[in-house]
Structures are given as C-alpha cells and as structure tokens.
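These notes concern the structure reproduced below.
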There are 2 protein chains.
Amino acid sequence: MSDTYHHGNLRQALIEAGIRIINEQGEEALSLRKVAAACEVSHAAPYAHFKDKEELLAAMKSSVTEQFTAKLEQAVEGADGASAAGAEQKILAMGRAYISFFSHNPDYFTFLFGKQKLVAHLRMDEDHEEDYPPFKLLKTVFRQYLKESGRALSPAEQEVGLIKIWSSVHGMAALACMAGVETTIDWEQIKLQ
Amino acid sequence: MSDTYHHGNLRQALIEAGIRIINEQGEEALSLRKVAAACEVSHAAPYAHFKDKEELLAAMKSSVTEQFTAKLEQAVEGADGASAAGAEQKILAMGRAYISFFSHNPDYFTFLFGKQKLVAHLRMDEDHEEDYPPFKLLKTVFRQYLKESGRALSPAEQEVGLIKIWSSVHGMAALACMAGVETTIDWEQIKLQ
DNA sequence: ATTTGCATCTTGACACTGTAAAGATTATGC
DNA sequence: GCATAATCTTTACAGTGTCAAGATGCAAAT
C-alpha cells in the first residue's frame with residue numbers, strides 16, 4: 001500500500017537523528033522512541049537494525065569518532081607541509097585540532113567521553129592494534145618525536161609521556177567546552193617533557 | 001499503629017543504601033524505587049527528603065567526596081611529619097592517596113567522575129572559594145611548593161601546572177581502576193615541572 | 001491534656017521508557 | 001512466481017521518575 005513502508009536507509013538515518021537530538025537536547029533527552037519518531041517510523045523499528053539502545057549509542061559514537069579522527073589527521077598533515085619542524089609541530093597541531101573540534105561541538109565531548117571510557121584505551125602494552133584511533137595517531141607521532149630528538153625511553157616512560165600529553169590536552173578541552181568556562185590558557189605552554 | 005511509620009533517619013539511610021547499590025550493581029542499576037525498597041519504605045518516601053533523583057545522587061556524591069577528601073588530607077598530614085622534605089613530598093603523597101582511594105573503591109571513580117564534571121572545578125581565576133575540595137587542597141600545597149622552590153609563576157602558568165599534575169594523576173587512577181587495566185606505571189616519574 | 005500544625009510516609013495514578021512477541025508489508029533469490 | 005528473509009507496525013508488559021491526595025505520628029501551643 002504505502003510506498004514508504006521501507007525507509008530505504010533507516011540505519012544511517014537513526015544514527016544521524018540520534019546525533020542531532022544529542023546536539024539539540026543533550027544525551028539525557030535521547031530515547032529510542034524519540035529517535036524513531038524523528039525518522040517517522042514506529043517505536044520498535046530500530047530493533048531491526050540495533051539489538052539494543054546501547055548498540056545505537058555505540059554506532060553514533062563511532063560516527064562522531066570518525067569525524068574527530070579525520071580532523072586530527074588533517075591537522076597532522078597540515079603541519080607536515082608548513083615548516084620542516086617535524087613531529088613536535090605535529091603534536092602541537094593535534095592538540096590545537098583536538099580543542100578546536102570540541103569547541104565547535106561541545107556536546108560531542110560529553111557524548112564521547114562522558115562515561116570515561118577513553119582512558120581504557122590509554123595503554124601501550126602488547127602493541128594493541130585496536131587502539132582508540134585518535135590515540136593511536138598520537139602514539140605514532142610521539143614515537144616519531146622520540147626518534148627525532150634522539151631520546152630512548154623505556155616502554156613505561158613512553159606510556160607516562162603519552163598520558164601526560166593526552167590527559168593534559170583532554171583536560172583543557174574539557175575546561176574550554178564545559179560549564180561555560182572560558183579559559184585563556186595558552187596550552188602550548190605544556191612542554192612535551 | 002505501626003511503630004515504624006517514621007523511619008527515624010531516612011535521609012541518611014537513603015544515601016547509604018544508594019552508595020551500597022552503586023557499589024554492588026553499578027550506577028545504571030540505581031533507581032529511586034530500589035533505594036526506597038532497600039530502606040523498606042514506599043517508593044515515594046524519598047520525596048520527603050529529596051526534590052529529585054538528582055538531588056539524592058548529589059547527596060551521595062557529596063558523601064563519597066568527603067571520604068575522598070579525608071584520605072587526601074590524611075596523606076598530606078602524614079607526609080608532613082615524616083621527613084622535612086616539604087611540599088613536594090606532600091604532592092607525591094596526595095597522588096599516592098588519590099590512586100589508592102579509587103583502587104580500593106573502583107566504583108566510586110565512575111560515580112564521581114563519570115559525567116566529567118570534575119574539570120569544571122579546575123580553574124584558578126578569582127580565587128574561587130567553592131572549589132572542588134580535593135583540588136583546593138592540591139592548590140594550597142602547590143602554592144607552598146612554588147614558594148619553597150623560589151619560582152614565580154604567572155596565574156596562567158600556575159593553572160597549567162596544576163592541570164598537569166591533576167589530570168595526569170587522574171588519568172592514571174582511571175587507568176588503574178577501569179576496564180581491568182593493571183598498570184605497572186611508576187607514576188612518580190611525572191615531574192612537577 | 002487536647003488540639004493544631006507540620007514533617008513524614010503510603011497509596012494510587014500518569015506519562016514515559018526499553019524491550020519482546022506476533023503479525024503485516026516489501027524486497028530478494030531461485 | 002514463489003518462498004524466504006528483511007524490514008516495519010501493533011500490541012503488550014514491566015520499570016522508571018514524579019505528582020497529588022490522604023494517612024500517620026510527633027511537637028509545640030493552647
């Protein structure tokens with residue numbers, strides 16, 4: 001009868017509608033039923049594509065993380081051409097892009113990091129292949145930096161160094177994004193060692 | 001009729017039952033009705049003491065934060081008597097206590113910091129009196145340290161220094177507590193400057 | 001001592017949530 | 001063209017937070 005019984009691309013539409021809702025009303029206000037309604041579909045339709053509410057949330061996070069990673073990669077590439085300053089400049093560029101991304105989409109910050117899952121990715125043991133992509137990128141650039149500066153750090157020391165950089169930048173992005181805090185921090189004051 | 005119509009100290013009982021539930025089943029599983037049931041009280045009884053579910057949650061967090069702060073203060077005092085090493089030792093002792101506290105109560109970590117509200121307290125402008133108490137403590141000790149070492153930092157630089165210390169230790173506590181990550185990091189490798 | 005007022009607690013109701021089961025509708029492979 | 005699978009709707013159920021109206025007990029005022 002109706003020629004719109006099948007949505008066509010409901011899965012993607014649900015992900016996008018979910019992200020939109022989070023940006024407009026916050027994560028608290030997100031319900032499966034609202035997402036379904038936003039796609040003009042019955043409240044149980046999402047279950048054809050996602051086992052859970054959590055599975056939809058995960059897909060949404062995946063999508064936002066892709067955007068995030070793309071910005072970081074782009075920053076690294078941009079710092080490559082400019083001067084021949086090397087890895088240190090790349091790290092600084094990443095930091096700038098990191099903060100910039102969440103300044104432009106403050107709700108993404110709490111969405112991605114709200115449950116503090118990020119730190120679970122902050123480990124270097126056994127060369128995880130399934131690292132959190134943005135962190136993996138930093139890891140690569142950081143190793144480059146170590147090689148350039150001729151420093152030889154133990155794995156444990158590398159871990160500490162990475163955590164220092166990451167958590168500092170992360171903390172400042174949080175500062176800048178949340179609770180309406182305007183910070184005048186010149187974050188590049190943070191030295192790499 | 002019944003001699004237990006009035007509970008006696010329901011408010012405190014609700015807070016404690018709530019914390020117990022979070023420790024046993026996680027924050028997701030906490031509902032007002034469960035907390036009420038745990039106190040053998042009807043499902044709407046909490047509304048005599050808390051306007052909201054959120055207000056109960058806030059009271060619970062307050063309670064846990066008090067325990068947390070007490071441990072930190074205790075560590076600072078302990079480091080005072082030992083050697084005459086001064087503020088640097090105090091900072092290190094605080095870091096140790098920080099990690100120790102959450103290692104012993106892993107669920108408190110996500111409970112307190114789950115929503116990332118902590119960073120909202122990480123600002124030094126205009127000498128906030130209503131600082132997050134543990135952070136306020138670090139602030140005090142840090143200033144002591146600066147005075148001792150004869151360094152003169154601008155407010156912005158102080159802010160950066162504090163964030164470096166706090167977020168690094170925080171990140172490592174997260175590493176140690178969550179996702180079953182056992183870390184062998186010797187966190188004292190983190191230098192204060 | 002009785003009454004009055006107030007804090008506390010119960011009962012019942014409402015809208016909303018996630019999720020499951022059963023059936024309708026459309027697309028797809030043979 | 002038909003069977004099968006994928007997609008979507010309808011209906012239902014147990015939980016949830018919250019509110020309103022009433023029951024209960026305590027404490028102060030008369």
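All values below were derived from every heavy atom in this structure, side-chain atoms included, with hydrogens, water molecules and symmetry-related copies excluded. Residue numbers begin at 1 in each chain, while the letters A, B, ... track the order of the sequences.
Rounded to whole Å, atom C1' of C/dG18 lies 12 Å from atom CG of A/L56. In this structure, B/Y47 places its OH atom 18 Å from P of C/dG12, rounding to the nearest Å. The CG atom of B/L30 sits 10 Å away from the P atom of D/dT16 (whole-angstrom rounding). Between the CD atom of A/E54 and the P atom of C/dG18 there is a distance of 12 Å, rounded to whole Å. Following rounding to the nearest Å, B/F50 (CZ) and C/dA7 (C1') show an atom-to-atom distance of 15 Å. Between the CD atom of B/E28 and the C1' atom of D/dT16 there is a distance of 14 Å, given to the nearest Å. For A/L10 and D/dC8, the CG to P distance is 5 Å, given to the nearest whole Å. D/dT16 atom C1' lies 15 Å from atom CD of B/Q25, rounded to whole Å.
Taking 4.5 Å as the limit, some side-chain heavy atom of B/M60 sits within range of a side-chain heavy atom of B/L56. Using a 4.5 Å heavy-atom cutoff, the side chains of A/I19 and A/Y108 are in contact. A 4.5 Å side-chain heavy-atom check between A/I15 and A/F50 finds at least one atom pair inside the cut-off.
If you check D/dC8, C/dT8, D/dG17 against the side chain of B/A48, the one that comes closest is C/dT8. In this structure, of D/dT9, D/dG17, C/dG18, it is D/dG17 that holds the atom nearest to the side chain of B/L32.
No donor-acceptor distance shorter than 3.5 angstrom exists from the side chain of B/Q25 to the backbone of B/I21, with no hydrogens or angles considered.
Taking side-chain N and O atoms only, A/S31 has a distance below 4.0 Å to OP1 or OP2 of C/dT17.
Judged as a side-chain hydrogen bond (donor to acceptor under 3.5 Å, both in side chains), and not counting sequence neighbours, A/Q74 has no contacts.
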Side-chain donor-acceptor contacts of residues 29-46 of chain A below 3.5 Å, not counting sequence neighbours, with atom names and distances?
| unit_1 | atom_1 | unit_2 | atom_2 | d |
| --- | --- | --- | --- | --- |
| A/S31 | OG | A/K34 | N | 3.1 |
| A/K34 | NZ | A/A29 | O | 2.9 |

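The CZ atom of B/R20 sits 7.0 Å away from the CD atom of B/E16 when rounded to the nearest 0.5 Å.
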Pairs: protein N or O with nucleotides 12-14 of chain D N or O, under 3.5 Å:
none

